[in-house]
Amino acid sequence: MQPIVLTHGGAGGPSADAPEPPNARSEWAAACQHAAQAGLAALVAASSDQSLAAVIAAAIILEDDPRFNAGTGANLRLDGSLELDASLATSDGRFAAVACLRATKNPVLVARAVMNTPHILLCGEGATRFARQQGFPEAAMVTEKALKRWKAARERLQSGNLRPYEERWRDMQFHGTIGAVARAPDGTFAVSCSTGGTSMMLPGRIGDTPIWGAGVFAGEHGAVCATGHGELCIKRMGAFSVYQRMAAGADAQEAIEAEVKAFPHPFEVGFIAVGKTSHGMAATDDYMPRGAAS
Ligand code: GLY
């Protein structure tokens with residue numbers, strides 16, 4: 001099979017209090033393309049578990065890029081704390097995730113370490129303690145941009161000047177999850193996903209990223225990664241819904257477009273997916289930086 005790696009840098013358009021810098025879209029797309037190429041290089045270099053090696057390598061690059069809401073640069077919670085979610089899944093049935101992980105540079109690598117345990121999901125203090133035990137040091141990861149977003153979110157909350165989709169807060173923008181999917185020559189698939197959550201959230205909030213079938217899904221028909229409004233993605237089982245469409249015979253692009261279309265307005269969502277013979281990428285308003293390497 002032809003190897004391929006796809007990446008994304010998160011769905012969700014710019015807002016009035018966080019206007020898009022000039023050339024931002026092309027620069028974010030270039031970063032996603034670089035991550036996809038690094039994923040493909042890791043796939044080719046790996047002697048086993050090639051698709052997993054690819055999605056981990058791609059995710060690390062995007063987690064380390066402070067422009068994306070994952071790892072370094074992740075959004076802050078309303079109390080100013082930083083908690084991270086990440087997951088990995090493979091088509092042979094492995095799944096592992098961390099949620100509300102604190103001060104750890106590459107949550108996707110901690111998810112990889114969870115894969116070696118009897119568990120599939122560690123959260124909060126237990127996840128952070130596990131990371132330290134596994135040799136992942138405490139890291140300072142709060143960026144100026146994250147602080148600016150946090151201040152803006154608190155101001156909106158205090159003033160009541162919330163965005164239309166923030167009506168239950170009233171705001172849930174800046175999802176900005178990162179993710180990768182890969183197909184290896186041996187026909188295996190894998191997916192990685194990592195996020196700092198949304199712009200307005202309580203400590204302890206967990207979105208779709210570390211939830212099987214919501215943020216990620218992988219099986220014999222392919223691998224899917226979701227980004228966007230985490231709460232709705234969990235309720236709709238976003239990644240699994242796309243996968244089911246692929247299993248029923250849709251090609252990856254058709255499957256994604258159908259699920260994006262079905263996602264309730266005004267909430268934003270995006271997906272990337274690889275199947276045996278197809279791949280696809282799409283998001284609400286087509287706003288999702290992305291990369292592809294094959
Ligand atoms: N999709 C990322 C989140 O809602 O946490």
Side-chain angles (χ1 to χ4, degrees), residues 7-13 15 18 28 32 59 62-63 67-78 81-89 97-102 107-108 110-111 121 123-124 127 141 146 149-150 153 163 165-181 191-217 224-242 256 259-260 263-264 266-273 281-285 287-290:
T7 56
H8 75 76
S15 63
W28 295 338
C32 290
L62 295 170
E63 283 181 338
R67 293 171 295 183
F68 296 109
N69 172 24
T72 302
N75 286 344
L76 305 181
R77 310 268 155 166
L78 282 169
S81 65
L82 184 146
E83 296 179 338
L84 305 154
D85 300 343
S87 64
L88 287 167
V98 287
C100 298
L101 175 72
R102 294 208 169 192
V108 76
V110 186
L121 173 59
C123 81
M141 305 161 70
R149 279 185 197 161
W150 173 67
R163 301 167 184 160
Y165 39 76
E166 291 178 342
E167 281 306 317
R168 289 190 76 175
W169 267 112
R170 305 163 338 180
D171 187 348
M172 297 283 285
Q173 186 59 291
F174 280 115
H175 308 292
T177 309
I178 63 96
V181 292
V191 49
S192 62
C193 197
S194 185
T195 190
T198 67
S199 63
M200 199 175 277
M201 61 195 155
L202 292 171
R205 178 266 186 188
I206 298 171
D208 57 311
T209 296
I211 306 297
W212 177 240
V216 296
F217 195 86
V224 185
C225 180
T227 168
H229 191 275
E231 282 73 6
L232 271 178
C233 228
I234 293 173
K235 284 187 185 172
R236 293 185 59 81
M237 295 191 281
F240 185 56
S241 299
V242 171
I256 289 173
E259 185 56 25
V260 168
F263 212 74
F267 301 101
E268 288 165 328
V269 75
F271 298 97
I272 54 175
M281 309 189 252
T284 311
D285 298 330
Y287 195 97
M288 182 178 69
R290 62 196 74 173

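Read the numbers this way: they start at 1 and go in the same order the structure lists the ligands and their atoms. On a predicted model such as this, the values are computed, not experimentally measured, just so you know.
At a 3.5 angstrom cut-off on N or O pairs, H229 does not count as close to ligand 1. For the pair G197 and ligand 1, the shortest N or O to N or O distance does not fall below 3.5 Å. In terms of N/O distances under 3.5 Å, ligand 1 is approached by G228.
Residue T177 approaches ligand 1 through these ligand atoms, each under 4.0 Å from one of its heavy atoms: 1 (N), 2 (C). The distance from ligand 1 to the heavy atoms of G207 drops below 4.0 Å at these ligand atoms: 5 (O). The ligand atoms of ligand 1 that sit less than 4.0 angstrom from a heavy atom of T209 are 2 (C).
Residue M141 qualifies as enclosed at atom CE: its count of foreign heavy atoms under 6.0 Å is above 12.
Looking at D85 against ligand 1, nothing comes within 4.0 Å, counting heavy atoms. Counting heavy atoms under 4.0 Å from ligand 1, residue R205 touches it through the side chain alone.
Counting heavy atoms from C-beta outward, L88 and V108 have side chains that approach closer than 4.5 Å.
Of the options V98, L84, T195, a side chain to side chain contact (heavy atoms under 4.5 Å, CB included) to T209 is made by T195 and by none of the others. Just one of I206, T177, L121 meets the side chain to side chain contact (heavy atoms under 4.5 Å, CB included) condition when paired with D85; it is I206.
In this structure A214 satisfies the side-chain contact (heavy atoms from CB on, under 4.5 Å) test together with D208, I211, I234, sequence neighbours excluded. In this structure, the side-chain contact (heavy atoms from CB on, under 4.5 Å) partners of T284, at least two apart in sequence or on a different chain, are V260, E268, V269.
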